[in-house]
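Have a look at the structure below before the remarks.
Quick note: residue numbers are just sequence positions, from 1. Below, all heavy atoms of this structure are taken into account, side chains as well, without hydrogens, waters or symmetry copies.
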Amino acid sequence: RSAGALDLEISAAVPKDAAERFRYLAAGPVLKLADKDLARLPALHREQLVLTREAADGTILAATRLQAAGALDDLYAAAEGVPDLGATPTNKRTSFKLWAPTAQQAAVCVFDSGGSRAGALHQRAMDGAAGVWSAQLPAGRSGRYYTYAVDVVSEQAGLVRNLVTDPYSVSLSTDSQRSYIADLDAANLKPAGWDKERAPQTVKSPVDMAVYELHVRDFSRDDETVPKPKRGKYTAFGEADSNGMRHLKALARAGMTDIHLLPVYDLASVPEKNCALPQPTGAPDSESQQALIRKTAHTDCYNWGYDPWHYNAPEGSYASDPQDGARRIVEFREMVMNLHRAGLRVGLDVVYNHTFVAGQDSKSVLDRVVPGYYHRLNKAGGIERSTCCDNTATENRMMGKLMIDSTVLWAKHYKIDSFRFVLMGHQPRAAMERLQSAVDQATGRSVQLLGEGWNFGEVADGARFVQ
């Protein structure tokens, strides 16, 4: 079906703010929507939009889809000020908020556990100014799980109903199939002494930092002084007399200040249950070992983790029980406390510059909620992949907000002391300055931000923004 057509006028010039934001585009015809049609834009963005060039008799001579991120940022600028996206439980009620301005409808499905059937499907209402779909359910529902049902127009599949987790998930069920409802300030999610926990005061300025990069699983996987159930897990850091912890304490005494953990957000490349453990055989220089490893490369227990799925949730494969959304929260906090007690501050390696996948893939979240918005597109409408995967567009208002909100969450609720941003040169300087201000204000302390400044790809030399 068609929602109709709008005639566009030729305009003499691009408005100054639009010209600056889209400065990377080549010169070409500038088209303008008539003032009388502006009120129709929100509804039209919930349909499939196509720009056509027609002959005098109405014959379509050419057609292309639109890149709508700039329009959505202008139409729904109020969304940037929404402080509580995601699920927010209290004693009396639980609210759910999802930014999905192009959705035709949205609902939330609530589950008693990570594997049970849905107890109910609750329709949601949209705030027309912010593009946020909201629902309030009676009673606190902490400890339960949820997903969203969102009806959107996908370029790959047309109008679809996507069953999708929350981009603002704070925890998940096994293999990230359902989002977990939690109040991160709840007492049952805090290890003893958490509220009074403070980092070692070893860094007064960034130049004081001496950083050791560490992979959670690698740290203890082969350490025979760690009980087997704890090897490769957050809980291994609680074994104060293990070989690994004695080594870290020695490094701290020698002047090392910070542990930077390779990605520990929810990552897409390691199964959280029954991951494969290949057992290579043959001569050390045999190609058969490599061939065996390749057979399970996508299902084994190991990955560096530069494959973000949910930015705000701890990775479940490092938890003692990935099915229990609370365990990874508590055990992550215990790990931070144990590293602090070893004399070390804790930093995170963060990857906001890309997602693992996009489109209608089952491990895509952002693109199945607001198709075409969260990723940086090229002139043909394809997703830029200069960072190896699907590049995010933090110059877009709500992707920038997600990056800032996520960093604040880790610093505030997990007492993270510093962050290393992978390919920070792909982020706008203005967004990083807002992030620094927000994270310092939220924590009441100075949080160090480090980053890779590589200058390449579609953003090189300031092509799209000041890097």
Side-chain angles (χ1 to χ4, degrees), residues 86-87 98 108-119 141-150 160-182 189 215-218 221 229-235 261-278 295-332 335 350-351 354-369 389-390 406 409:
L98 175 72
V108 59
C109 312
V110 179
F111 308 85
D112 288 336
S113 71
S116 65
R117 294 173 62 88
R141 298 176 186 246
S142 293
R144 298 185 184 181
Y145 297 80
Y146 68 104
T147 59
Y148 295 131
V150 187
V160 293
R161 173 164 295 170
N162 282 329
L163 300 179
V164 64
T165 46
D166 194 332
Y168 275 72
S169 298
V170 296
S171 191
L172 300 136
S173 64
T174 303
D175 291 328
S176 313
Q177 296 306 295
R178 295 173 182 175
S179 301
Y180 181 71
I181 302 172
L189 296 179
H215 186 279
V216 168
R217 183 168 178 266
D218 279 359
R221 188 196 68 170
K230 296 184 178 183
R231 294 178 192 173
K233 307 295 183 181
Y234 299 126
T235 52
L261 298 171
L262 268 70
V264 287
Y265 49 64
D266 179 57
L267 52 102
S269 47
V270 174
E272 293 179 350
K273 185 178 181 180
N274 299 326
C275 57
L277 289 168
K295 286 183 179 180
T296 58
H298 298 293
T299 58
D300 66 24
C301 302
Y302 179 74
N303 197 284
W304 280 0
Y306 294 88
D307 304 314
W309 193 348
H310 296 87
Y311 289 114
N312 298 356
E315 165 59 14
S317 67
Y318 303 143
S320 61
D321 181 5
Q323 182 62 16
D324 180 355
R327 290 314 310 157
R328 64 183 76 186
I329 297 171
V330 174
E331 290 172 2
F332 193 107
M335 174 183 65
V350 289
V351 190
H354 67 242
T355 57
F356 181 60
V357 289
Q360 283 295 109
D361 190 281
S362 62
K363 292 185 178 181
S364 167
V365 176
L366 300 176
D367 219 18
R368 290 198 294 145
V369 174
C389 304
D390 295 311
S406 177
L409 181 146

Query raised in the report: Do the non-hydrogen side-chain atoms of Q177 and Y145 ever get within less than 4.5 Å of each other?
Result: no
Report task. Test E315 against V216 for side chain to side chain contact (heavy atoms under 4.5 Å, CB included), laying out the working first. Result -> CA-CA 10 Å; E315 165 59 14; V216 168; over 6 Å; no
Query raised in the report: What pairs with D307 under side-chain contact (heavy atoms from CB on, under 4.5 Å), at least two apart in sequence or on another chain?
Result: S269, N303, F356
Report summary line: What one should report as the nearest heavy-atom pair of D300 and P278 is CB-CD, 4.2 Å
Report summary line: One should read off an interatomic distance between T165 OG1 and K363 NZ, to the nearest 0.5 angstrom, of 12.0 Å
Query raised in the report: Under a 4.5 Å cut-off applied to non-hydrogen side-chain atoms, are K233 and S320 in contact?
Result: no
Report summary line: Tightest non-hydrogen contact, residues Y180 and A326, listed as OH-CB, 3.5 Å
Report summary line: Closest non-hydrogen contact found for C301 with V270 is O-CG1, 3.7 Å
**Report entry** Gap between atom CG of D266 and atom CG of D175 - 0.5 Å precision
**Finding:** 9.0 Å
Report task. Measure the OH-OG1 distance between Y318 and T235 for me, rounded to the nearest 0.5 Å. Result -> 13.0 Å
Report summary line: Residues passing the salt bridge (charged side-chain N to carboxylate O under 4.0 Å, His left out) test with D390, sequence neighbours excluded, are R385
Query raised in the report: Sequence neighbours excluded, which residues qualify as side-chain contact (heavy atoms from CB on, under 4.5 Å) partners of P322?
Result: T174, E272, R328
Report task. Would you please name every residue forming a side-chain contact (heavy atoms from CB on, under 4.5 Å) with Q360, sequence neighbours left out? Result -> S154, Q156, A157, V160, N162, R368
Report task. Kindly indicate whether the side chain of P167, heavy atoms from C-beta on, has any atom under 4.5 Å from the side chain of L98. Result -> yes
**Report entry** Exercise: identify the closest heavy-atom pair between P308 and V351
**Finding:** CG-O, 3.5 Å
Query raised in the report: Side chains of Y311 and W309: is there a donor and an acceptor less than 3.5 Å apart?
Result: no
Query raised in the report: Which is it for Y148 and V369 under the side chain to side chain contact (heavy atoms under 4.5 Å, CB included) test, yes or no, and what are the steps along the way?
Result: CA-CA 9 Å; Y148 295 131; V369 174; 5.9 Å; no
Report summary line: Between C109 and A118, the two heavy atoms sitting closest are CB-CB, 4.5 Å
**Report entry** H310 NE2 to L366 CG distance, which is reported to the nearest 0.5 Å
**Finding:** 8.5 Å
Query raised in the report: Sequence neighbours excluded, which residues qualify as salt bridge (charged side-chain N to carboxylate O under 4.0 Å, His left out) partners of R178?
Result: none
**Report entry** Sequence-distant partners of S113, side-chain contact (heavy atoms from CB on, under 4.5 Å), two or more places apart
**Finding:** S116
Report task. May I ask you to test the Y265-S406 pair for a side-chain heavy-atom distance under 4.5 Å? Result -> no
Query raised in the report: How close do S171 and I329 get, heavy atom to heavy atom, and via which atoms?
Result: CB-CD1, 3.9 Å
Report task. I would like to know whether Y306 and L262 meet side chain to side chain contact (heavy atoms under 4.5 Å, CB included); could you show each step before the answer? Result -> CA-CA 8 Å; Y306 294 88; L262 268 70; 3.7 Å; yes
Report task. Would you give the length of the straight line joining atom OH of Y146 to atom CD1 of I181, rounded to the nearest 0.5 angstrom? Result -> 7.0 Å
